[in-house]
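A short write-up of the structure that comes next.
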Amino acid sequence: MLKLTKNEFSILFLAIGAGLVFAHFERTRLTANFAKSLSTQTPFHISATSDGRLKNDIAAATLLPGRDSQLRKSSVASLKARELQILGSDGQAIVQFAVGADNSTGLFMTRRKDSATVQMGVHENNLPFVMVADGGVRNFGLGRVDGKNASPIIVFRKNDEVRAVFGLNMTEKGKPPFLVHYSADGERHEFLGSYCDNDDRACTE
Amino acid sequence: MKTLLLAATGIILGHLIAPHLQSAITEAVAETASPAILATRSFELADSKGRRRILIGSTDSGSPGIWFFDKEGKVRLNLGLYDDDSPFIVLNDDNQLAVQIFRTLGNGKAPVLVMKSAGQDRLVMGLNADQKADPFFVYYDANGTKNTVFGKY
């Protein structure tokens, strides 16, 4: 049996304490990285998974809350937190209110297996957005405020390609309305007004 | 040498113990303090500087809503129910003026999308609130002149 002096016991306890503190900070860092990953959940990347089940059934595309009479409740007058998660029955977050590492804020709703998502919030540049999308964010409807005019626009994208955009012009004085759409072969149709669709943001700034 | 070994062993032990300790604490807290439903009158999400960035709550008249604030504390996104129980989603500019509104309207609860500039309607589309619920699409130029693309509004 190892015999330790009083001083050696002290050192051992101090070291165990240091290990606990280190583990705690490591866990905090992991949480911070998770929060950071939220803020990078901006559109236009990751793989696609299209969910077309609601395609012909728009009327059914609303949900009612689940029955909760069997669940234990607790009431408080008000709550303040850095993050709020609503968990599914499997313990995974299905709704999350969070602040990203870049100071954007958002509400994220995700179906299990990441097959669909609803996101809304305020980007780091203070511009708000609302989006319904597939899990890969390659197919979506997006309402946002954008450009130097802080113009409202709506974008419909399929398989990561813009198919329709309309709103108020993002750069021109007077903000004339526009509506453009693109056929499957990429041909552009200006139904109303004009819209600059350069990939860079020269058309919005 | 013995001191160093003890210190190293202690750190490793602490690191190994921590997850179990945390898990035990979390489970205990979950068991005693974390109900399946947490009811509250309002919820605030604060950023790292303590600024309110999201508020879930209700208006003075009792309508539920969610408000998103920008870093300057201005409301930039708001969704919820109006006092007549019509649902809405509103995106604001940096003067907190609505620029994009998606809502239902009228007794028929017709869906309408409105785009605004400086408080003035510039583009309105949706379904009419009458029984026919015919679609319409109108826009206004900078002088306020109305232009109809289709339908009646």
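Note that the structure is a prediction, hence the values are computed from the model and not measured. Convention: sequence-line order gives letters A, B, ...; per-chain numbering from 1.
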Query - Gap between atom CD1 of Ile153(A) and atom CG of Leu91(B) - 0.5 Å precision - result: 10.5 Å
Query raised in the report: Would a distance-only check, ignoring hydrogens and angles, find a side-chain to backbone donor-acceptor pair under 3.5 Å from Arg122(B) to Lys175(A)?
Result: yes
Query - Donor-acceptor contact present, side-chain Asn126(A) to main-chain Lys71(B), <3.5 Å - result: yes
Query raised in the report: Where does Ile154(A) contact chain B at under 4.5 Å (heavy atoms): side chain, backbone, both or neither?
Result: both
Query raised in the report: For Asn103(A), does its backbone N or O pair with a side-chain atom of Arg53(B) as donor and acceptor, under 3.5 Å?
Result: yes
Query - Under 3.5 Å donor-acceptor, Ser42(B) side chain and Ser78(A) backbone - result: no
**Report entry** Val145(A) backbone acceptor or donor facing Gln100(B) side chain under 3.5 Å
**Finding:** no
Report summary line: When the 4.5 angstrom heavy-atom criterion is applied to Ile54(B) and chain A, the contacting part is side chain
**Report entry** Closest approach of Asp93(B) to Ala150(A) (non-hydrogen atoms, all atoms of both residues)
**Finding:** CB-CB, 4.5 Å
Report task. Sort Ile86(A) into side chain, backbone, both or neither according to what part of it lies under 4.5 angstrom from a heavy atom of chain B. Result -> neither
**Report entry** Per-residue contact mode, Phe166(A) against chain B (heavy atom under 4.5 angstrom)
**Finding:** both
**Report entry** Toward chain B, the part of Ala77(A) with a non-hydrogen atom under 4.5 Å
**Finding:** backbone
